[in-house]
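Any value given below was found using the heavy atoms of this structure, including those in side chains, with hydrogens, waters and symmetry copies removed. One-based numbering, in listed order, for ligands and for the atoms of each.
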Amino acid sequence: MDCLFCKIIAGEIPSTRVYEDEDCILIKDINPQAKIHYLLIPKGHFEDIGDIAHKDPDLLSRCLSKITALADSLGLEGGYRLVTNKGKNGCQSVKHIHIHVLGGEKLSEKMS
Ligand code: 5GP
Ligand code: ZN
C-alpha cells in the first residue's frame with residue numbers, strides 16, 4: 001500500500017521516534033506548528049478518525065491513553081492540545097489516522 005505513515009511505521013522512511021509500542025508510534029512532525037509537535041500514529045492502517053472509531057475503538061482508546069500517561073516525560077507537563085484532521089474540510093493531507101500532539105508552550109486560544 002502506498003501510504004506514507006505505513007512506510008514510516010515500517011522504517012522504510014526515516015522519522016524521529018520518541019515512543020513506540022505494539023499499538024502506535026509517536027514521531028516528531030517534520031513541519032512543527034508549536035514548540036513541541038508530535039504525531040501519534042496507530043500502527044494499523046485506518047484512513048481517519050471515523051474509520052478507526054468504527055473498526056477498532058479499543059485501539060483508538062489505548063492510543064489516547066498513552067498520551068496522558070506519557071505527557072510529563074514528553075515535555076508536556078504544562079498541558080497540550082490534541083488535533084486530528086478528517087477529510088477535505090478538515091484539511092487531512094495524509095490518509096492514515098494520526099493525532100497531532102501540540103504543546104511545550106502556551107498555544108493560541110484560537111483553534112483555527
Ligand atoms: P494532516 O495535514 O494530514 O493532518 O497532517 C499531516 C502531518 O504530517 C503534517 O503536520 C506534516 O507536517 C506531517 N508530515 C508529512 N510528511 C511527513 C514526514 O515525512 N515525516 C514526518 N515526521 N511528518 C510528516
Ligand atoms: Zn497507512
Identify the protein heavy atom lying closest to [atom], giving its residue, its atom name and the separation to 0.1 Å.
atom                    : result
atom 3 (O) of ligand 1  : Ser93 N, 2.8 Å
atom 22 (N) of ligand 1 : Lys28 O, 2.9 Å
atom 1 (P) of ligand 1  : His98 NE2, 3.2 Å
atom 14 (N) of ligand 1 : Ile30 CG2, 3.8 Å

Mark yes or no for whether [X], through its side chain, and [Y], through its backbone, hold a donor-acceptor pair below 3.5 Å.
X     : Y     : answer
Thr84 : His98 : yes
Arg62 : Cys24 : no
Asp58 : Ser61 : no
His96 : Lys43 : no
Tyr38 : Leu74 : yes

At a cut-off of 2.8 Å, list the protein N/O/S atoms near the Zn ion (ligand 2), residue plus atom name.
Cys3 SG, Cys6 SG, His45 ND1, His96 ND1
If you measure from each non-hydrogen atom of Ile13 to ligand 1, which part falls under 4.0 Å: side chain, backbone, both or neither?
neither
Under 4.0 Å between heavy atoms, the region of Leu4 that gets near ligand 1 turns out to be side chain
Give the atom numbers and elements of ligand 1 that come within less than 4.0 Å of a heavy atom of [X].
X     : value
Phe5  : 8 (O)
Ile27 : 22 (N)
Cys91 : 2 (O)

Any heavy atom of [X] sitting closer than 4.0 Å to ligand 1?
X      : result
Ser15  : no
Tyr38  : no
His100 : yes

Testing Ile25, Val94, Ile13 for side-chain contact (heavy atoms from CB on, under 4.5 Å) with Phe5, which one passes?
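Testing Phe5 for a side-chain contact (heavy atoms from CB on, under 4.5 Å) against Ile25, Val94, Ile13 leaves exactly one candidate, Val94.
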Of Leu39, Ile67, Ile99, which meets side-chain contact (heavy atoms from CB on, under 4.5 Å) against Leu26?
Ile67
Can you name the closest pair of heavy atoms from Ala34 and Leu102 and give their distance?
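Smallest interatomic distance, heavy atoms only, reads CB-CD2, 4.0 Å.
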What is the minimum heavy-atom distance between Gly75 and Ile36, and which atoms define it?
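Answer, listing the atom of Gly75 first, then Ile36: O-CD1, 3.4 Å.
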Roughly how far apart are Lys28 NZ and Asn31 CG, rounded to 0.5 Å?
14.5 Å
Do His45 and Ile9 make a side-chain contact, defined as non-hydrogen atoms from C-beta onward lying under 4.5 Å apart?
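The answer is no; the side chains never approach within 4.5 Å.
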So which of Ile99, Val94, Asp29, Asn31 gets nearest to atom 11 (C) of ligand 1, if we judge by its closest heavy atom?
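Comparing heavy atoms across Ile99, Val94, Asp29, Asn31, the nearest one to atom 11 (C) of ligand 1 lies in Asp29.
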Report the C-alpha separation of Leu70 and Val18 in whole Å, then their side-chain angles, then the decisive distance to 0.1 Å, and conclude whether the side-chain contact (heavy atoms from CB on, under 4.5 Å) test is met.
CA-CA 10 Å; Leu70 292 165; Val18 297; over 6 Å; no
